[in-house]
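What you see is a predicted model, and the numbers here were worked out from it, not measured in a lab.
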Amino acid sequence: MEQPIYNLAFDFGASSGRLMLSTFDGKKINLEEIHRFANEPVGMNGRLFWDFPRMFNEIKIGLKKLAKKGIDPSGIAIDTWGVDYGLIDREGHLISNPVCYRDARTHEVINEVEDILPFKEFYKRMGLQFMELNTVYQLYFDATRRRDIMKNVDALLFMPDLFGYFLSGEKYSEYSIASTSQMVNARERTWDDTTIEKLNIPKGILQDIIMPGTVVGHLRADVAEEVGLCQVPIIAVGGHDTASAVCASPLTSENSAYLSCGTWSLLGVECEEPIINDQSYEHNFTNEGGVEGKIRFLKNITGLWILQQLKKKWSEDLPDLGYPEIINAAKNAIRRDFVINPNDERFNAPKNMVNEVKAYCREHQGIEPESMGEIALAAYNGITDKYKEEIKGIEEVTGQTIDVLHMVGGGIQDKFLCTLTAEKIGKRVIAGPIEASVTGNVLMQLKALGHVKNLKECRQIVRDSFELEEY
């Protein structure tokens with residue numbers, strides 16, 4: 001390859017966002033951070049919202065920084081967290097800021113939806129893990145509680161597609177992000193008409209589903225002029241950040257499992273077809289879409305969110321506190337048997353995570369952890385115990401024996417977490433790459449542009465480009 005290929009990946013997480021520049025020389029990818037910014041939901045009038053206009057402005061700031069480098073990118077793509085969406089009116093305007101999945105509004109409608117569509121019936125078609133934050137419950141709330149707003153809705157766009165729309169002017173629903181909604185039939189990979197009709201959700205607002213690795217349009221002329229770039233192709237990749245992360249997981253066999261490790265931990269295996277049966281239902285496993293039509297058979301586990309919120313609380317009194325100090329305290333904790341269930345609802349959005357961890361231990365073990373190390377270790381123990389439990393569940397449901405766990409994402413920078421995971425599950429753990437979502441984003445751009453043939457070739461590029469560490 002005579003000239004390097006440049007691609008731009010916007011990766012939005014639940015606590016931060018960034019623009020990464022990829023340089024591909026035909027064999028290896030090199031990543032450079034161009035712009036990073038905070039991203040937190042905003043509480044307002046009893047609701048939690050995402051500040052979408054500010055996030056979109058951060059995209060433009062990042063593009064302006066890139067333009068100053070004089071680099072002509074081959075493509076732009078966005079990946080984000082799942083389930084949340086924006087509503088567009090008939091004139092193409094955003095009706096209101098998207099509501100954050102941690103908002104409590106779905107509490108009001110869970111029982112109503114269960115009466116209309118019992119979850120077991122839901123599961124037989126969608127194969128999705130029950131989580132009250134799923135799009136279907138949020139959208140049912142809008143359809144029944146915000147009727148005046150819904151009358152003006154022309155299109156529903158999931159978060160990566162919402163960014164893509166305001167960059168390109170094109171409306172679409174990328175498969176992996178749509179599959180997190182609990183409205184896509186897992187086997188047919190299309191919108192589930194029965195669910196949509198029974199819940200009185202207007203199907204006309206849902207967009208055609210497209211697969212990852214599709215060029216959807218080009219950067220709008222007005223945006224291109226504002227940021228100083230040409231009309232770069234806008235590409236739909238694995239819009240759900242976990243789909244992109246799994247794309248970049250260097251899996252070598254069907255006995256390899258992956259763990260995308262960040263605010264959430266997503267642990268599973270890659271399948272050709274969904275696994276929907278009584279066992280998977282009892283284990284509450286989910287079947288979400290991946291790249292190249294793959295199924296991500298996995299479990300959502302509350303991950304480093306708990307440690308992030310512990311640090312946030314402790315930092316009120318210790319502003320210079322960093323994760324290394326917390327990790328060291330956990331390593332040296334005197335009492336080591338404290339443990340929580342990270343998926344307990346009390347940890348979803350507490351005002352004080354420290355108090356919630358202490359209260360959980362008091363209620364379940366009869367004694368509270370006192371020191372920072374004991375409290376942090378209770379979280380680490382809970383998260384890694386959950387990893388062990390879910391790997392065992394995957395083996396029971398699939399009938400296969402997992403021989404290696406590939407940990408990817410920002411969480412693998414915590415070597416204590418990786419070590420403890422290997423000890424708990426009793427299997428090989430291979431960590432890397434750290435920038436898995438960004439890498440998977442870039443790989444699907446390269447495939448869409450004809451520079452990479454398939455997923456197998458993508459994963460070889462990962463092995464060639466990044467150092468992997470075994471535990």
Side-chain angles (χ1 to χ4, degrees), residues 14-15 102 257 259-267 283-284 299-394 402 405 407 409-431 469-471:
S15 58
R102 292 194 186 276
L259 171 57
S260 179
C261 186
T263 300
W264 287 89
S265 290
L266 298 108
L267 192 159
H283 281 279
N284 200 23
K299 174 66 70 71
N300 287 276
I301 302 166
T302 300
L304 298 180
W305 159 257
I306 295 174
L307 286 156
Q308 291 164 0
Q309 294 304 300
L310 287 173
K311 178 180 179 294
K312 182 178 181 180
K313 186 61 181 176
W314 284 324
S315 294
E316 292 176 3
D317 297 321
L318 300 167
D320 295 328
L321 180 69
Y323 285 111
E325 290 82 7
I326 296 173
I327 292 167
N328 190 57
K331 287 180 178 178
N332 294 296
I334 295 174
R335 179 160 178 169
R336 310 195 62 77
D337 61 342
F338 287 111
V339 62
I340 62 169
N341 174 6
N343 283 357
D344 191 290
E345 288 184 4
R346 72 198 305 156
F347 302 123
N348 285 350
K351 294 180 180 179
N352 186 325
M353 187 66 82
V354 172
N355 286 348
E356 291 298 337
V357 170
K358 294 173 79 171
Y360 183 94
C361 293
R362 182 179 66 250
E363 293 167 16
H364 291 80
Q365 295 177 263
I367 187 171
E368 289 185 0
E370 294 295 336
S371 68
M372 177 188 296
E374 289 176 344
I375 294 168
L377 188 58
Y380 277 112
N381 283 336
I383 293 167
T384 52
D385 280 356
K386 205 63 162 172
Y387 294 165
K388 179 180 179 179
E389 175 187 332
E390 301 306 345
I391 285 178
K392 183 179 179 182
I394 289 170
I402 301 301
L405 176 66
M407 292 180 68
I412 67 172
Q413 295 173 95
D414 186 339
K415 294 180 181 292
F416 178 60
L417 176 66
C418 296
T419 300
L420 193 59
T421 298
E423 291 174 358
K424 289 286 183 73
I425 68 174
K427 300 177 186 291
R428 292 171 62 215
V429 167
I430 298 177
E469 186 168 357
E470 184 165 340
Y471 292 85

>> Just to verify, what does Asp337 make a salt bridge (Lys or Arg N to Asp or Glu O under 4.0 Å) with, not counting sequence neighbours?
In response: Arg335
> Does Gln309 reach the main-chain N or O of Pro350 with its side chain, forming a donor-acceptor pair under 3.5 Å?
Replying inline: no
> Got a donor-acceptor contact below 3.5 angstrom from the Glu390 side chain to the Lys386 backbone?
Replying inline: no
> Would you say Glu345 has more than 12 foreign heavy atoms packed within less than 6.0 Å of its CD?
Replying inline: no
> Between Glu389 and Lys392, does at least one N-O distance fall below 4.0 Å, as a salt bridge requires?
Replying inline: no
> Can you tell me how far the CG atom of Leu310 sits from the CG atom of Leu321, to the nearest 0.5 Å?
Replying inline: 10.5 Å
>> So, taking the atom named CD in Glu368 and the one named SG in Cys361, what distance separates them when rounded to the nearest 0.5 Å?
In response: 8.5 Å
>> Assess, by modelled atom type and distance only, whether the side chains of Tyr387 and Ser265 contain a donor and an acceptor separated by less than 3.5 Å.
In response: yes
> Nearest 0.5 Å, what's the CZ-CD1 distance between Phe338 and Ile367?
Replying inline: 5.0 Å
> What do the steps show when you test Asn343 against Thr302 for side chain to side chain contact (heavy atoms under 4.5 Å, CB included), and what is the final call?
Replying inline: CA-CA 6 Å; Asn343 283 357; Thr302 300; 3.3 Å; yes
>> For Lys427, I'd like to know if atom NZ has over 12 heavy atoms of other residues, nucleotides or ligands within 6.0 Å.
In response: yes
> Can Glu469 and Ile430 be said to form a side chain to side chain contact (heavy atoms under 4.5 Å, CB included), step by step?
Replying inline: CA-CA 6 Å; Glu469 186 168 357; Ile430 298 177; over 6 Å; no
> What are the two closest non-hydrogen atoms of Leu417 and Gly411, and how far apart are they?
Replying inline: CD2-O, 3.9 Å
>> Please report the interatomic distance CD1(Ile326) to CG(Asp414), rounded to the nearest 0.5 Å.
In response: 10.0 Å
>> Tell me the closest heavy-atom pair linking Arg102 and Trp305, and the distance in Å.
In response: NH2-CD2, 3.4 Å
>> Set out, in order, the CA-CA distance, both residues' side-chain angles and the distance that settles side chain to side chain contact (heavy atoms under 4.5 Å, CB included) for Ile301 and Leu259, then state yes or no.
In response: CA-CA 10 Å; Ile301 302 166; Leu259 171 57; 5.7 Å; no
> Quick one: are Glu423 and Thr419 in side-chain contact, heavy atoms under 4.5 Å?
Replying inline: yes
>> side chain to side chain contact (heavy atoms under 4.5 Å, CB included) for Asn381 and Lys424? Distances and angles first, verdict last.
In response: CA-CA 9 Å; Asn381 283 336; Lys424 289 286 183 73; 3.5 Å; yes
> Which heavy atom of Ala330 sits nearest a heavy atom of Ala376, and at what distance?
Replying inline: CB-CB, 4.1 Å
